[in-house]
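Notes to accompany the following structure.
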Amino acid sequence: MTTQQTAPRIVPPKREYIQFTVNGIIYDVEVDLRRTLLEVLREQLGLTGTKKGCNDGNCGACTVLVNGKPMNSCLILAVEAHGKEITTIEGMAQDGKLHPLQEAVVNFNALQCGYCTPGILLTAKAFLEENPHPTEHDVRRAIAGNLCRCTGYQRFVNAILAVSQGKTKPDEE
Amino acid sequence: MEYAIVGKSVPRKDGWVKVTGQAQYGGDLILPGMLHGKILRSPHAHARIVSIDASRAKRLPGVRTIITGKDFPGVKFGFLPITRDQLPFAVDKARYFGEAVAAVAASDEDTAEEALDLIQVEYEELPPVFTVQDAIRPGATLVHDDKPGNVGFTARYNYGDIARAFEECDYIKEEHLTTQRISHGFIEPHAMLASMDGDRVVLQGTKQSPYITWRHLCRAMDLPLSKVRMLNPYVGGGYSGKHDPFDVDFAATKLALVTGRPVRVELTQDEILGMERQRHSKDCWIKLGAKKDGTLHALECKTYFEGGAYVCAAPINTRAFGSGLLIPYRIPNARFEGIRIYTTRPPCGAVRGQARVIARYVLEAILTDLANDMGLDQLEIRRKNALVKDEVATEGTVMENFAFMETIDELKKMVDWPAAKAKKVPFHGIGFAGDGYASGSRARGHWASAAVVKITEDGGINLIQGATEIGQGSDTVLAQICAEALGVPYEEISVAVEDTDASVLEQGIYSSRTTVWAGNGVRVAAEDARRQLAEEAAKLLEADPKDIEFRLGNVYVRNDPKRSITFNEVVRKAYYEQGHPIYGRGSWGMDAGRADWATAKEPWSPGRGSVTMAVEVSVDPETGKVKILKLTAAHDNGQPINPALLAGQIEGGTMAHMGQGVFEECLTDEHGRPINPDFFDYKMPTALDAPHFANHPIIGDNPYGPFGAKGGGESVSSSALGAIANAVADAIGVRIMDLPITPQKILKAINGKQSQERRA
Ligand code: FES
Ligand code: FES
């Protein structure tokens, strides 16, 4: 067997400029065509609040809103985000004030390790905007694509239901 | 006792940072000049490594270095001195599909991955062994040449004359129950960042118990402890699965040492679900004998733990299993043998609730079936045999402050038993199980807890301690304890990250120990700070330091509360006028005696929680699908420090056990390759599967715990698996002997039962 003496060559990746809005800020970025939105958000924009769990569309940790719709950012190529409006977890609190869902998630102790939390919060935000008066089952179905291994989900469900009723705190504990 | 902060569901310390996306986890960490590491893994379950040629990979532009198993000093590590069987990477042979063989550091992840393809490894395949049956067969291939019979560890006990005891029984039940391998199911993939600080390595990332990682990693890399600094970012869950050092920790550390650059190694879910630590699969023969009236009299249990290529924490597993059989019920005669078997599969270790969860499952299953056979009531048989406060359990544990009986009685009310029993609905079932879980039983290494309470000159409080916030809420609970002991508002406390340089590390975050052990360390440190502050305040208020009271930031003279001063003023005077910076120091430890691994006896622990749980399920007879409707727990965790956090622990643990009960299994093909290492095929419970939870804490007593607390992390959910399995058995009238209880098994069981009934 002979070992090859020359260094293997890497084909330079193709890159393209895209323009999109993330949390209200317009970004012009040059992206590698193969990169997902998740990677560009985390690695190029430094928005690490969007989490990588499975990187294959099965856990929901990477959920962001694309034009208001929750999507797994690990399944979207960054170039597809061109011209779109993206909301990540960093854009959920406004002017230093938590979104009611964020407040409720803290007050209901809905989170533990917090790794799934950004994804669930964004899913819930989009969901409540479309379904302001959901039943418990609706809520459970809405977040069924977001895996959480720490909690029993019930506190997330209670927090989301409370927000739909204009509350951010549990009645008692 | 009326507490100001203890017992209140204050919001978590780490709530804001987590809901805003600011919390940084291992995979979020970046340092200038950081390289990316990747691990090359064995494509065979069992193979001799003949040669490794990395020359092509090394010439790939962007590759900085490649390491193999031979670059480590060849020092084995393991949980006990007699179980040191593992090297950081495979050297002479690979013992499971996915074992680390080499690692690359490169300028980016793509290059690192491409380099893996260019490393040429010549393997000589060896026959694999995947099951206990294969591994213990005479003449079976040995996973380790020096481990005859593929036995990695054995624990045994024998209390009483077991043969005679069974002769004395009126009824004997025997079962053979098996349980499967499962994965912890971390949503956060393991990610470690190692960097150099002079000749020291700084290692940070996804670790649950940095202390355990630290001491084993340093041993295997032949480094003094002082040359490695570990600190913890936020961690995406622990579930007992991030204690010991893994290939990812070794790879990051070694690659940083070799290159002098920061190196981050992140794993993918298929590596984690398919090739990292899992729960042992178990083969359990169990026999339980009782007197006519349901008094348990004799127990015999032999369990094989199929645990893969390295023993890891198996002595803890066998102990947790063996001791888990004997508490919370009184069984005067008992024999146990737990045998940990090597196979060529990924190594197993601790998983949420430990092997105790499985022991509780098998015991509660056979107890339920025995009671049914004998026509006895499920809760009555548990009451009859419940160990009571101060009783001495068969293996010698004194059941101090044990409130198990009270939890049975409370649960009885909660589920309205026996009225509920009378209303039996077809294909609906209810199952019960109990437990009495130690609040931190001793493992290895140092076992005390220590803390420093540093009061800043403006009256702020930095709590420096060694417990890892893995989501369980330790930062919050420890801050509550600190605030209560110091008499300041909870909001004033900042909790520092765990850091081997700045804090004495916790022995580990396991066995529901943190609230009690670390909590006591914090309490003692806060009391020390308060004592110093009382001296200063006494001067200002012209009183005796003994009479100074602290409550929610107010400092006053007992019996004369008008003579008061604010906490801040006291601190300022101390710093600015007396030259007295306030540092409270504290540590706490009790001589728990040495752990006796060979007899599976648990050492003394400062508290023991207890629980009785009921699970209600429905089964769809057409599809075999199980729906868990409701989960009710009456439990004693002493004084809960934060009831909402405690309830969160109960719910989450229970969900994980539900996964083991009805969904999950790590599957491999005939070559030992993982079949389902992704969340699509490895089914974990979702929000639609989750039941309703009802839990009721009985506030039992614990003089050893801070403010009377007992451990809570695993001590309630540990009964869930047994209760779920019992509920399904009640619903369909048949016991499924092998987990998970899938729809296929249920349909088969229902059909089998129906055809049996037709024949009869
Ligand atoms: S990381 Fe995108 S779905 Fe899991
Ligand atoms: S809070 Fe840890 S995964 Fe959901």
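Keep in mind that what you see is a predicted model, and the values were worked out from it rather than measured. Every chain is numbered from 1 and lettered A, B, ... according to where its sequence line falls, protein lines coming before strand lines.
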request  = Look at A:G60, A:G114, A:A93, A:G46 and state which one has the largest set of heavy-atom pairs under 4.5 Å with chain B.
outcome  = A:G114
query = Do the non-hydrogen side-chain atoms of B:V19 and A:L121 ever get within less than 4.5 Å of each other?
reply = yes
query = In terms of heavy-atom proximity below 4.5 Å to chain B, should A:Y153 be classed as side chain, backbone, both, or neither?
reply = side chain
key: For chain A, the option from B:Y239, B:F679, B:W16 that forms the most heavy-atom pairs under 4.5 Å   = B:Y239
task = Go through the atoms of A:E136 and report whether side chain, backbone, both or neither lie under 4.5 Å from a heavy atom of chain B.
result = side chain
query = Stepwise, does the salt bridge (charged side-chain N to carboxylate O under 4.0 Å, His left out) test hold for A:E43 with B:R264?
reply = CA-CA 14 Å; A:E43 292 158 27; B:R264 190 177 77 200; 5.4 Å; no
ask   = Contact part of B:T20 toward chain A, heavy-atom cut-off under 4.5 Å: side chain, backbone, both or neither?
value = both
query = What part of A:D56 is in contact with chain B, defined as an atom under 4.5 angstrom from a non-hydrogen atom: side chain, backbone, both or neither?
reply = side chain
task = Would you check if the side chain of A:R149 reaches a backbone N or O of B:I187 as a donor-acceptor pair within less than 3.5 Å?
result = no
remark   = Of B:Q22, B:Q24, B:H184, B:E469, the largest count of non-hydrogen pairs under 4.5 angstrom with chain A goes to B:H184
note = Counting heavy-atom pairs under 4.5 angstrom with chain A, the leader among B:G185, B:G238, B:G237 is B:G185
message = Quick check: do A:Q112 and B:K18 have side-chain heavy atoms less than 4.5 Å from each other?
response = no
request  = Give, as side chain, backbone, both or neither, the part of A:A61 having an atom under 4.5 angstrom from any heavy atom of chain B.
outcome  = side chain
Which atoms of B:H692 approach chain A - backbone, side chain, both or neither, heavy atom under 4.5 Å = both
ask   = At what distance, to the nearest 0.5 angstrom, does CG of A:L47 lie from CG of B:D28?
value = 11.0 Å
ask   = Taking atom SG of A:C54 and atom CZ of B:F680, what is their separation to the nearest 0.5 Å?
value = 12.0 Å
query = Of the backbone (N, CA, C, O) and the side chain (C-beta and beyond), which part of B:Y234 lies under 4.5 Å from a heavy atom of chain A, both, or neither?
reply = neither
query = Quick one: what part of A:L111 sits under 4.5 Å from any heavy atom of chain B, side chain, backbone, both or neither?
reply = both
remark   = If you tally heavy-atom pairs under 4.5 Å between each of A:G49, A:G152, A:C113 and chain B, the highest tally belongs to A:C113
note = Most heavy-atom pairs under 4.5 Å with chain B, out of A:N146, A:T50, A:N55, A:L98, belong to A:L98
remark   = From the list B:P189, B:G62, B:P11, the residue making the most non-hydrogen contacts under 4.5 Å with chain A is B:P189
task = Sort out for me which of A:E103, A:K52, A:H99 touches chain B most, counting heavy-atom pairs under 4.5 Å.
result = A:K52
OG1 on B:T686 to CZ on A:R141, rounded to 0.5 Å = 12.0 Å
query = Side chain, backbone, both or neither: which part of A:L147 has an atom under 4.5 Å from a heavy atom of chain B?
reply = both
request  = For a side-chain contact (heavy atoms from CB on, under 4.5 Å) with A:N109, tell me which candidate from B:L646, B:V10, B:L645 qualifies.
outcome  = B:L645
inquiry  = If you count heavy atoms of other groups shown closer than 6.0 angstrom to NZ of B:K630, is the number above 12?
reply    = no
task = State the CE-SG distance between B:M684 and A:C148, to the nearest 0.5 angstrom.
result = 8.5 Å
inquiry  = Quick check on B:D689 against chain A: is it the side chain, the backbone, both or neither that has a heavy atom closer than 4.5 Å?
reply    = neither
task = Mind checking the CG-CG spacing from B:D108 to A:D32? Nearest 0.5 Å is all I need.
result = 9.5 Å
query = For B:E109, does the CD atom sit with more than 12 other heavy atoms under 6.0 Å from it, leaving out its own atoms?
reply = yes
query = What part of A:R42 lies closer than 4.5 angstrom to a heavy atom of chain B: side chain, backbone, both or neither?
reply = side chain
ask   = Which region of A:T151, side chain (C-beta onward) or backbone (N, CA, C, O), has a non-hydrogen atom less than 4.5 Å from a non-hydrogen atom of chain B, or is it both or neither?
value = backbone
inquiry  = I need the A:C59 SG to B:D678 CG distance, nearest 0.5 Å.
reply    = 11.0 Å
message = I need the residue from B:P691, B:A690, B:G15 with the largest number of non-hydrogen atom pairs under 4.5 Å to chain A.
response = B:A690
remark   = Pair count under 4.5 Å, heavy atoms only, with chain A: among B:R352, B:E188, B:M655, B:Q269, highest is B:E188
key: Partner chain B: residue of A:R35, A:M92, A:H137 with the largest heavy-atom pair count (under 4.5 Å)   = A:R35
Donor-acceptor contact below 3.5 Å, side chain B:E651 vs main chain A:Q154 = no
